[in-house]
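Structure record follows, encoded as structure tokens.
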Number of protein chains: 2
Amino acid sequence: MNPAGEVEHEPRSGAARKTQRIVNAALQVFLDTGYGAATVDAIASAAGVSKATIYTRFASKEALFAAVIERECLACSKRMAVVEQAPALELSQALREIADMLLDIILLPRNLAIQRLVIAELPRFPELGRTFYDRGPAITLKNLANFVRARVARGELRVADPAVAAQHFISLLRGDIQWRALMEQMAVSDTARRAARERTVGVFIQLYGAPPDVARP
Amino acid sequence: MNPAGEVEHEPRSGAARKTQRIVNAALQVFLDTGYGAATVDAIASAAGVSKATIYTRFASKEALFAAVIERECLACSKRMAVVEQAPALELSQALREIADMLLDIILLPRNLAIQRLVIAELPRFPELGRTFYDRGPAITLKNLANFVRARVARGELRVADPAVAAQHFISLLRGDIQWRALMEQMAVSDTARRAARERTVGVFIQLYGAPPDVARP
DNA sequence: ACAAAACTGAACTGTTCAGTACAGTAGCGC
DNA sequence: GCGCTACTGTACTGAACAGTTCAGTTTTGT
């Protein structure tokens with residue numbers, strides 16, 4: 001099924017692919033049960049691997065957990081880059097697209113579960129919080145600020161501090177949706193998402209939109 | 001030290017005071033170490049009580065935990081009521097006061113720790129999330145919406161949906177401060193708090209303030 | 001003052017689980 | 001085929017911990 005030197009979604013070949021299987025299985029088990037209740041045996045059997053093998057790759061359960069979160073953070077920060085690629089659209093449409101992307105990232109059940117997991121294990125892994133923030137929300141914020149800066153340059157926005165404006169956009173968008181999704185573990189309806197998006201875009205333009213008298217040429 | 005029928009901060013007398021001591025100690029230990037890593041022995045010794053006594057009051061570690069969170073939620077919802085008691089002040093000053101109160105509630109390390117704890121244990125105690133949300137954030141939102149409604153009646157604000165406006169205020173105020181505080185477990189500087197407050201009040205008035213031509217009599 | 005009720009402290013049970021040891025086996029280069 | 005390395009499966013160790021029990025002590029009500 002996999003002829004010569006093909007590169008798959010999962011990186012390198014044979015040797016390290018098993019490691020990826022272990023990390024995948026570990027993520028799943030950690031998400032399902034939390035760190036404390038997850039047993040290495042369960043991870044091993046979910047990965048189709050013996051416990052001994054896990055311990056040849058990872059020094060301890062803690063190290064495995066750190067590796068899992070590390071990888072997820074990396075994956076997340078890559079996904080965030082797409083915010084900057086909504087350049088061609090008209091302002092309000094671009095904002096709508098960005099809002100949808102952000103809501104996807106924020107509300108994806110898997111991502112919510114990872115957030116919960118990280119928060120849950122902060123006492124055990126204190127440095128994890130900073131890592132997670134720097135590689136997730138901080139990058140989103142930076143990308144969005146860049147977008148704002150570009151639109152300011154085009155004369156479509158009037159903004160003193162792009163970072164603050166970007167923060168306002170994200171904050172308005174989140175509202176209490178994220179909080180509820182995190183706490184009540186329930187999916188957010190499409191209607192609620194659309195409402196949040198439209199309100200946010202409207203308010204943002206009202207706040208920061210350049211007056212139409214200096215309209216585009 | 002405690003003559004005849006005096007009522008203290010801790011409720012009823014002798015019998016039930018020990019229960020309060022247990023709950024207090026349990027809260028402390030849970031906050032310090034998380035539910036999973038907290039041992040009943042540690043709670044017992046922190047409460048200055050034998051483990052057997054704990055098990056006469058609470059059926060299990062889970063029941064004890066539920067009692068702890070229950071009590072904190074109750075205490076929290078009481079504290080939230082103060083938002084409505086900033087009526088006499090001029091609008092922007094009242095908003096500033098409210099912002100300070102909200103930031104206090106949101107950023108108090110103890111409250112952050114409780115939030116972490118609740119989020120962490122959601123898989124084990126699913127109903128807890130709803131309880132917590134309903135008795136905390138939901139009540140704050142309701143109170144703030146009432147405040148907005150009152151100011152609309154006075155002609156100081158122009159707002160279509162007070163609940164939405166209130167949500168915007170809270171969202172803008174939180175920004176990423178709460179997230180960072182939650183994740184990085186670091187205190188937020190007074191400077192950052194003041195900056196968030198001033199920005200939020202400014203933006204809110206810009207968005208929802210009634211035009212000054214219909215000024216107060 | 002005295003009996004009943006509540007509490008202590010410490011030992012004990014039973015379970016769960018991280019981490020290890022090891023004997024046997026599959027894969028792979030040569 | 002030969003030998004080497006990596007993997008499996010299983011069984012084991014040791015520690016941690018929830019929850020119980022109980023003999024002896026303190027507290028409380030009357």
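Just so we're on the same page: letters track the sequence lines, and every chain starts at 1.
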inquiry  = Any donor-acceptor pair, under 3.5 Å, between the side chain of B/Lys51 and the base of D/dG19, if you only look at N and O atoms?
reply    = yes
ask   = In whole Å, what is the span from the NZ atom of A/Lys18 to the P atom of C/dA26?
value = 13 Å
OP1 or OP2 of C/dT8 under 4.0 Å from side-chain N/O of B/Thr53 = yes
request  = Give me the bend of the helix from C/dA1-D/dT30 to C/dC30-D/dG1, using the axes of the five pairs at each end, rounded to 10°.
outcome  = 30°
task = Report the distance from atom CG of A/Asp41 to atom P of C/dG19, rounded to the nearest whole Å.
result = 11 Å
task = Indicate, with a heavy-atom threshold strictly under 4.0 Å, whether B/Gly36 touches base, sugar-phosphate, or nothing.
result = nothing
message = Tell me whether B/Lys61 forms a cation-pi arrangement with B/Tyr35, defined as NZ or CZ under 6.0 Å from the six-membered ring centre and within 45 degrees of its axis.
response = yes
query = Whole-Å distance between C/dC7 P and B/Arg21 CZ?
reply = 10 Å
query = A/Ile43 and A/Ile54: side-chain contact (heavy atoms from CB on, under 4.5 Å), yes or no, with the steps?
reply = CA-CA 9 Å; A/Ile43 294 170; A/Ile54 291 180; 3.9 Å; yes
inquiry  = From CD1 of B/Ile22 over to C1' of C/dT8, roughly how many Å is that when rounded to an integer?
reply    = 13 Å
ask   = Once you round it to whole Å, what is the distance between P of C/dG19 and CG of A/Leu64?
value = 10 Å
message = For a quick test of reading the model, state the closest non-hydrogen atom pair linking B/Arg151 to B/Ala94 and the distance between them.
response = NH2-CB, 3.8 Å
key: Rounded distance (Å) that lies between atom P of C/dA18 and atom CZ of A/Phe58   = 15 Å
request  = Give the rounded distance in Å between these two atoms: CZ of B/Arg124 and P of D/dA18.
outcome  = 11 Å
message = If we count only N and O atoms by modelled type, under 3.5 Å, do the side chains of A/Asn24 and A/Arg21 hold a donor and an acceptor together?
response = no
key: Side chain of B/Ala52 (C-beta onward), nearest among D/dG9, D/dG19, D/dT21   = D/dT21
query = Under a 4.0 Å N-O cut-off, is there an ion pair linking A/Glu121 with A/Arg116?
reply = no
task = Step through it carefully: locate the ring centre of B/Phe169, locate the ring centre of B/Tyr208, and say whether they are under 6.0 Å apart.
result = no
key: Separation of atom CD in A/Glu62 from atom C1' in C/dC17, rounded to whole Å   = 14 Å
query = Would you say A/Arg57 reaches D/dC7's phosphate, i.e. side-chain N/O to OP1/OP2 under 4.0 Å?
reply = yes
request  = Would you classify B/Ala38 as touching base, sugar-phosphate or nothing, given that sugar-phosphate means primed atoms plus P, OP1 and OP2, and contacts are heavy atoms under 4.0 Å?
outcome  = sugar-phosphate
key: Beyond-backbone contact of B/Leu64 with B/Ser60, side-chain heavy atoms, under 4.5 angstrom   = no
task = Return the nearest nucleotide to the side chain of A/Tyr55; candidates are D/dT21, D/dG9, C/dG19.
result = C/dG19
